[in-house]
Undergrad: 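Here it is, the structure in full.
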There are 2 protein chains.
Amino acid sequence: MTVDRRSFRRESEDQRRESLILAALELMSEGGPAAATVRAIAERAGTTPGLIRHYFQSKDQLTRDAYRWMMDRMTTDSQSASATASSPEAALAALIRSSLQPPVMDGTRVRLWAGFLHMVQDDPAMREVHMATYTRYRDLLQSLIQRLPGKGNPGVARGLAIACNAVIDGLWLEGGTLPDSFAPREIEQIGLSAISAILGTDLTPFAKDQDA
Amino acid sequence: MTVDRRSFRRESEDQRRESLILAALELMSEGGPAAATVRAIAERAGTTPGLIRHYFQSKDQLTRDAYRWMMDRMTTDSQSASATASSPEAALAALIRSSLQPPVMDGTRVRLWAGFLHMVQDDPAMREVHMATYTRYRDLLQSLIQRLPGKGNPGVARGLAIACNAVIDGLWLEGGTLPDSFAPREIEQIGLSAISAILGTDLTPFAKDQDA
DNA sequence: CGCGTTGTTATACGATTGTATAACAGTGAG
DNA sequence: CTCACTGTTATACAATCGTATAACAACGCG
């Protein structure tokens, strides 16, 4: 009388970790943090619960790693668009536009980000990631603003960067959670217009898809 | 051999409901949605778990009621400041300032709001409250903007209101989650400056505490 | 091809969850 | 003062949580 045991393949450590993290993030975005149980994560990843503890010290550690993984990808997705621009104006516009379009601006990501928020308060490691992500994005904004004509003063540029960052964050939030309340690309256009007004630099010519 | 039973007082239905809702919100803001268990809520409210099911059909119903209660209070807190202003400029400035100061701008409230976000997606009643709260705030902004000189066009005012709302939401988020990253009242001043630029109307004279 | 390593599965355990039910006791009506 | 009503407490229950442990089997090495 043998118990029928499911067949399996041995995978590399990196692949296992990533597939488990991805499964956890999927479940969290779909049903909130409570939906990401070890059993559900294992099933989504096509394995069994015990394997999670084999690759992560605890479920909390998996959660921490998943948070870092998500924040890294958000940073990459939004900032890569501005890297190839030829002028600070074009780079700013590209950064704004990519931040206010899928896949960055998306209900899934907003809910995911929100679900992690309360853990960020207590856990020092997660708090560090949270602040580093925010700071990196804002510093990029500030460095681009300082390269604009007449915006070289760091003190002034800091305030402008905080304001521009707030516009982007607010639109990202609302566009992600209430997608049906806005016309296609409306969020993107409003973001470019508002930041143009704040900076006193017209970025709206960069609204359409075109090379700089 | 009698079991020692804790003494109690009979309270009104309204008082019980509110004390249970308040306890649930406190726990959620402190430790996330998972911390608001029926036992923890009852203990915080000074009663026993069974009483929750006496006043609420289920824990989910308590959660829904708590969400509505919180959103109502946030709306009241931020909008009452602008009701007594004598000009649209003063009303706008008062609305912005109250939204970017405690008790509205506060880490506790941001985490609370974020903790509810994923439930808003699935539950139709909560989704309704979410959208209604956002719409009411933005409509108030838009009506004030339309009363500004040269801003009467509804189509234009809509886009401006969305942008101003985004500035406020973004600053509210960042000031709430990273309070140590900003000087006192810095958020408030940046909000007034940015929205002044977006609207082309100087609101910074209303920055200090004074009667309009 | 046989064998040991270890990635993977299966099972079990205590703790905690939301819920259901019954007994108690505070309170107002008569 | 008494009694019935019902707000409140106490207890129990099934389900599910994260975790721990041991048995199995896939794969690389000789």
Side-chain angles (χ1 to χ4, degrees), chain A residues 1-25 27-28 30-67 115 118-119 122-123, chain B residues 1-25 27-28 30-67 115 118-119 122-123:
Chain A
M1 178 143 183
T2 63
V3 287
D4 46 344
R5 210 166 232 265
R6 72 183 289 171
S7 66
F8 61 90
R9 290 202 330 141
R10 300 197 169 196
E11 307 268 358
S12 74
E13 179 170 340
D14 288 346
Q15 278 184 349
R16 282 292 188 207
R17 295 185 103 96
E18 179 162 307
S19 71
L20 289 170
I21 286 176
L22 266 168
L25 291 175
L27 289 163
M28 273 193 69
E30 292 170 10
T37 67
V38 288
R39 288 168 178 81
I41 294 169
E43 185 183 17
R44 179 69 63 104
T47 67
T48 53
L51 198 62
I52 292 179
R53 302 289 320 286
H54 187 263
Y55 284 109
F56 300 92
Q57 276 193 346
S58 66
K59 191 208 168 188
D60 282 347
Q61 189 58 47
L62 164 58
T63 304
R64 274 188 285 270
D65 290 353
Y67 180 65
H118 88 271
M119 315 181 200
D122 307 316
D123 190 298
Chain B
M1 178 140 182
T2 62
V3 287
D4 46 343
R5 209 168 234 262
R6 73 183 287 170
S7 65
F8 62 89
R9 289 202 331 142
R10 301 197 167 195
E11 308 269 358
S12 75
E13 179 171 339
D14 288 346
Q15 278 184 349
R16 282 291 188 208
R17 294 186 105 96
E18 180 161 307
S19 70
L20 289 170
I21 286 175
L22 266 167
L25 291 175
L27 289 163
M28 273 193 70
E30 290 169 11
T37 67
V38 289
R39 287 167 179 80
I41 294 170
E43 186 183 17
R44 180 68 63 103
T47 67
T48 54
L51 197 62
I52 291 179
R53 301 288 322 287
H54 188 264
Y55 284 109
F56 300 92
Q57 274 194 346
S58 66
K59 192 209 167 190
D60 282 348
Q61 189 58 48
L62 165 58
T63 304
R64 275 188 285 268
D65 290 353
Y67 180 66
H118 87 271
M119 315 181 200
D122 307 317
D123 189 299

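Because only heavy atoms are used, hydrogens play no part in the values below, and waters and symmetry mates are left out as well, while side chains stay in. Predicted model, so just to flag it, every value in this text is computed and none were measured. The chains referred to below are lettered A, B, ... by the order of the sequence lines, with proteins before strands, and numbering in each begins at 1.
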Undergrad: Output all residues satisfying side chain to side chain contact (heavy atoms under 4.5 Å, CB included) with A:D122, sequence neighbours left out; order by chain, then residue number.
TA: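 Here no residue qualifies.
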Undergrad: Counting only heavy atoms and a strict 4.0 angstrom limit, can you tell me which residues of residues 11-24 of chain B come near DNA chain D?
TA: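 Those residues whose heavy atoms fall under 4.0 Å from DNA chain D, taken from residues 11-24 of chain B in numerical order, are B:E11, B:R16.
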Undergrad: Over all heavy atoms of both residues, which pair between A:A24 and A:A36 is shortest? Give the atoms and the distance, please.
TA: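 Closest approach of A:A24 to A:A36, heavy atoms only: O-CB, 4.0 Å.
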Undergrad: Could you list the residues that satisfy salt bridge (Lys or Arg N to Asp or Glu O under 4.0 Å) with B:R6, not counting sequence neighbours?
TA: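 With neighbours one apart ignored, the set is empty.
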Undergrad: If you find the nucleotide of DNA chain C closest to A:G50 and the one closest to B:G50, which residue's nucleotide is nearer the 5' end?
TA: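 The residue closer to the strand's 5' end, by nearest nucleotide, is A:G50.
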Undergrad: Under the side chain to side chain contact (heavy atoms under 4.5 Å, CB included) test, which residues partner B:S7, sequence neighbours left out?
TA: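 For B:S7 there are no side chain to side chain contact (heavy atoms under 4.5 Å, CB included) partners, ignoring immediate neighbours.
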Undergrad: Would you please name every residue forming a salt bridge (Lys or Arg N to Asp or Glu O under 4.0 Å) with A:D65, sequence neighbours left out?
TA: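 None.
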Undergrad: Ignoring hydrogens and angles, tell me if any N or O in the side chain of B:R16 forms a donor-acceptor pair with the backbone of B:Y55 under 3.5 Å.
TA: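 Checking the backbone N and O of B:Y55 against the side chain of B:R16, no donor-acceptor pair under 3.5 Å is found.
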Undergrad: Report the residues that fulfil side chain to side chain contact (heavy atoms under 4.5 Å, CB included) with B:F8, sequence neighbours left out, ordered by chain and then residue number.
TA: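 Partners of B:F8 under the side chain to side chain contact (heavy atoms under 4.5 Å, CB included) test: B:R10.
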Undergrad: Between the protein and nucleotides 13-16 of chain C, which nitrogen or oxygen pairs are less than 3.5 angstrom apart?
TA:
none

Undergrad: Show me the protein contacts with nucleotides 26-30 of chain D, counting only N or O atoms at under 3.5 Å.
TA:
{"unit_1": "D:dA26", "atom_1": "N3", "unit_2": "A:R10", "atom_2": "NE", "d": "3.3"}
{"unit_1": "D:dA26", "atom_1": "N3", "unit_2": "A:R10", "atom_2": "NH2", "d": "2.6"}

Undergrad: Wobble G-U and Watson-Crick pairs count when both distances are under 3.5 Å; given that, what is the 5' to 3' dot-bracket string of DNA chain C, with | for pairing to other strands?
TA: ||||||||||||||||||||||||||||||
Undergrad: Measure from CD1 on B:I52 to P on D:dG7 and round the result to the nearest Å.
TA: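 The answer, rounded to whole Å, is 16 Å.
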Undergrad: Going by side chain to side chain donor-acceptor pair (under 3.5 Å), name the pairs with one or both residues in residues 42-54 of chain B, residues two or more places apart or in two chains.
TA: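 Sorted pair list: B:E26-B:R44, B:E30-B:R44.
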Undergrad: Using a strict heavy-atom distance below 4.0 Å, which residues from residues 53-60 of chain A are in contact with DNA chain C?
TA: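 Residues of residues 53-60 of chain A under 4.0 Å from DNA chain C: A:H54, A:Y55.
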Undergrad: B:T37: which residues meet the side chain to side chain contact (heavy atoms under 4.5 Å, CB included) condition with it, sequence neighbours left out?
TA: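 B:T37 satisfies side chain to side chain contact (heavy atoms under 4.5 Å, CB included) with B:R39, B:A40 once adjacent residues are dropped.
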